[in-house]
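Keep in mind that the numbers below use all heavy atoms, side chains included, and drop hydrogens, waters and symmetry copies. Please read these numbers as outputs of a predicted model, since none were measured by experiment. Lettering follows sequence order; numbering is per chain, from 1.
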There are 2 protein chains.
Amino acid sequence: MTAGPTPPRMADVARVAGVSKMTVSRVLTGGSVSPATRARVQQAIDELGYVATAAAGMLSSGRSEFVAALVPSLASSNFADTVRGLTDALAPHGLQLLLGDTGYHLDQEEALVKSLLRHQPRGIALTGRHHSAGTRALLERAGIPVVEMWDLPERPIDMAVGFSNAKASLAMVCHLHQRGYRRIGFLCGASELDRRGTDRMRGYASGIKALGLGEPRVIRLGDSPITMSHGGPAMAALLQAWPDTDAVMCVSDMSAFGAIMECHRRGLSVPGDIAVAGFGNFEIAWCCHPTITTISVDAYGIGLRTGEVLLDALDDGEATAARKLSRIDFSVVERESA
Amino acid sequence: MTAGPTPPRMADVARVAGVSKMTVSRVLTGGSVSPATRARVQQAIDELGYVATAAAGMLSSGRSEFVAALVPSLASSNFADTVRGLTDALAPHGLQLLLGDTGYHLDQEEALVKSLLRHQPRGIALTGRHHSAGTRALLERAGIPVVEMWDLPERPIDMAVGFSNAKASLAMVCHLHQRGYRRIGFLCGASELDRRGTDRMRGYASGIKALGLGEPRVIRLGDSPITMSHGGPAMAALLQAWPDTDAVMCVSDMSAFGAIMECHRRGLSVPGDIAVAGFGNFEIAWCCHPTITTISVDAYGIGLRTGEVLLDALDDGEATAARKLSRIDFSVVERESA
DNA sequence: TTGAAAGCGTTACCAC
DNA sequence: GTGGTAACGCTTTCAA
């Protein structure tokens, strides 16, 4: 932290290079400048260690180089991958991500939106289709492209990139049914914070009903989103409530892993005694033993596509109907556990 | 994306409230304003949905509300936790994190530092003690507090919050030695990208030498940082090279988990036939079977402390010698696997 | 407690 | 291809 006297300004560069500020600005933004002067300016920049002040440019030009993104949690590899996709799409265009972590709370999301909008982001990406009225109002006034990720809203704020979590879950029910399982349970968190988790549970329940497999067997345990450590207790609770259960769907691969570990502890073989399915196709699903049957979703791809969709919107100005809703594929990945 | 006509400005709020811009500014920044006028102004703000432009304030006041943070990867729960700690420390003070993902590359780090400095962050946090000469130069010129995290540099740029990865690794060697293991191997990535991983390997090697346990048995496999899926192949390679190995240290819990899965596949019992130790105390270390003996490091705490150290420096202006280096504790957590 | 004027460092716009 | 001038929307500073 060597506090130098005063950092050099554009005017300093201009003076050293013997040109006007405008010429320096053109060099920086890629305007038309003769090669000779461009070289002189560049040399002055290097010499002085000049770094342009983003705030001034932003104020003057009226546009920032920010894109805001809100995720429920950075600790989930799911969303971390999505963020990576977003970065990979946007960074090449000089856009810097402003990241917000909502902790799965809609009011926290609203607070973050309010705070992030102060930086005039060019666009904003949210997670999910559930938002507070205040959030919607803020975004509608903002006049920038908005993308809702990881879901397919019936009434999108603007655009969306995602899939139906309920349908994905339903697909897994069908898979298990096809494999001969009939007494299927579901493990998820106790709170409604994880909206996509709740959607998956609903998809499961509707599948059970549709296939005539009796009443849904749902265990809600632990704060959403539940992870490895919740899987075990949830599995225990399920076996206590419905001892004849022959298959278990879990809201995520993490909880599925925990559930499988609990089975190991009890001497239950998976899938021999009981089948276990996850959701998300995390690394653990194909590294653990037995490997976990799961739903594969391209988390990175969601981020990448979201970035592309935003870039398109920034170009065109207005979203075309065609890209309002961008559907991301999911698929059942059959492995050893179910 | 409803592009309204023109967003309201501070002058608009002032007009509606019947006061000057300055009074509005004071209301926003918590200056002294009579309760009556404050209420009128607040009402005007709500009515118009006014959102202050951060760039203008930044330019005028000369200081931003940004803090920059660079991590090697967001996908690692380690660094995700550190980022959470940083956010938790800084957000209450109105500071917004500007996050950069270096992908473990020092030149990418330099590029990000250059790009992030344009936003005039109040402070910046980096990961590790290794940086390019360009990065050091940029930061020394920047005149802002700098914190290096996850390590204890001999020659810190400014401040540091971390621990000695080599010593932590050494502690694990001692633990294994104490438990009676004598033919100890080490699994890590093939590249030098993961500097902390390399430090851990060095700590291991020095411990092996110091204890007279023969030549180090190091398997370098896969791109750093290695994860679950590399652990298995690395374990296989180790057993091929040194079949009599009785204990294995892994550069992380992720690779330790992969190694254990490989043992299961081969019918080797852990720790009966071979002991396995990890590093990091990730959730998987206490959820899998057997539970993994590991080194516990408070990743969240590193972020939190880094945030506090930065806030201190912003207050005092100059770092006191006492907080130049902030040591974070680590400890051997003995579980079932070793 | 409140207001008026003068910047902050850049880019847009229009001359040359 | 290059330069001057006027914003951009705030906060600082100084007066009232």
Side-chain angles (χ1 to χ4, degrees), chain A residues 4-42 44-45 48-66 94 115 117-122 142-143, chain B residues 4-42 44-45 48-66 94 115 117-122 142-143:
Chain A
T6 308
R9 298 308 178 199
M10 192 177 267
D12 300 319
V13 176
R15 192 163 23 70
V16 169
V19 296
S20 74
K21 286 196 301 180
M22 267 319 298
T23 302
V24 178
S25 175
R26 288 192 184 101
V27 169
L28 255 30
T29 58
S32 63
V33 178
S34 80
T37 41
R38 175 179 295 274
R40 285 218 320 287
V41 169
Q42 190 57 56
I45 288 174
L48 295 174
Y50 169 67
V51 178
T53 304
M58 197 177 305
L59 186 59
S60 179
S61 69
R63 14 188 221 84
S64 78
E65 294 179 336
F66 290 127
S115 137
L117 283 180
R118 290 175 20 89
H119 296 108
Q120 324 258 80
R122 301 279 291 275
Chain B
T6 308
R9 296 308 178 201
M10 192 178 269
D12 301 317
V13 176
R15 194 165 19 70
V16 170
V19 295
S20 74
K21 285 196 304 180
M22 266 321 297
T23 302
V24 178
S25 174
R26 289 193 183 100
V27 168
L28 254 31
T29 58
S32 62
V33 178
S34 80
T37 37
R38 177 179 294 274
R40 285 219 318 286
V41 170
Q42 190 58 56
I45 288 173
L48 296 175
Y50 170 66
V51 178
T53 304
M58 196 176 306
L59 186 58
S60 178
S61 69
R63 25 195 209 78
S64 78
E65 295 179 334
F66 290 127
S115 136
L117 283 180
R118 291 177 18 92
H119 296 109
Q120 321 259 81
R122 301 279 291 278

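At whole-Å resolution of the value, CZ in Arg63(A) and C1' in dA7(D) are 16 Å apart. One interatomic measurement links the two molecules: CD of Gln120(A) to P of dT10(C), which rounds to 18 Å at whole-angstrom precision. Whole-Å rounding puts the Arg40(B) CZ to dT1(C) C1' distance at 12 Å. We find that CZ of Arg9(A) is positioned 16 Å from C1' of dT11(C), with the value rounded to whole Å. For the pair Arg15(A) CZ and dT2(D) C1', the interatomic distance rounds to 19 Å; values are reported in whole Å. Atom CZ in Arg26(A) sits roughly 15 Å away from atom P in dT10(C) (whole-Å rounding). Whole-Å rounding puts the Met10(A) CE to dG9(C) P distance at 12 Å. Distance Met58(A) CE to dG9(D) C1': 13 Å, rounded to the nearest Å.
A heavy-atom distance below 4.0 Å to DNA chain C is reached by these residues of residues 18-25 of chain B, ordered by number: Val19(B), Ser20(B), Met22(B), Thr23(B). DNA chain C is contacted by Ser32(B), Val33(B), Ser34(B), Thr37(B) of residues 30-38 of chain B, taking any non-hydrogen atom closer than 4.0 Å.
If you check distances only, the side chain of Ser61(A) never reaches the base of dT11(C) with a donor-acceptor pair under 3.5 Å.
Heavy atoms of Gly57(A) sit under 4.0 angstrom from primed sugar atoms or phosphate atoms, though from no base atom. Using a 4.0 Å heavy-atom distance criterion, Ala52(A) is classed as a sugar-phosphate-only contact.
A donor-acceptor distance shorter than 3.5 angstrom exists from the side chain of Ser61(B) to the backbone of Arg63(B), with no hydrogens or angles considered. Here the side chain of Thr29(B) pairs a donor or acceptor atom with the backbone of Ser25(B) at under 3.5 angstrom. One N or O on the side chain of Arg40(A) and one on the backbone of Ala17(A) form a donor-acceptor pair closer than 3.5 Å.
Heavy-atom minimum distance, Ala56(B) versus Leu59(A): CB-CD1, 3.8 Å. In terms of heavy-atom proximity, Ala52(A) sits nearest to Leu28(A) at CB-CD2, 4.2 Å. Taking both residues in full, the closest heavy atoms of Ser64(B) and Gln120(B) are given as OG-O, 2.6 Å, listed atom of the first, atom of the second, then distance. Heavy-atom minimum distance, Met58(B) versus Phe66(B): CE-CE1, 3.8 Å. Closest non-hydrogen pair, Val13(B) versus Ile45(B), comes out as CG1-CG1, 3.7 Å.
Checked for salt-bridge contact, Asp12(B) and Arg15(B) meet the test: a charged N lies under 4.0 Å from a carboxylate O.
The side chain of Tyr50(A) places no N or O atom within less than 4.0 Å of a non-bridging phosphate oxygen (OP1 or OP2) of dG9(C).
Nearest-nucleotide mapping onto DNA chain C: of Ala56(B) and Leu28(A), the residue sitting toward the 5' end is Ala56(B).
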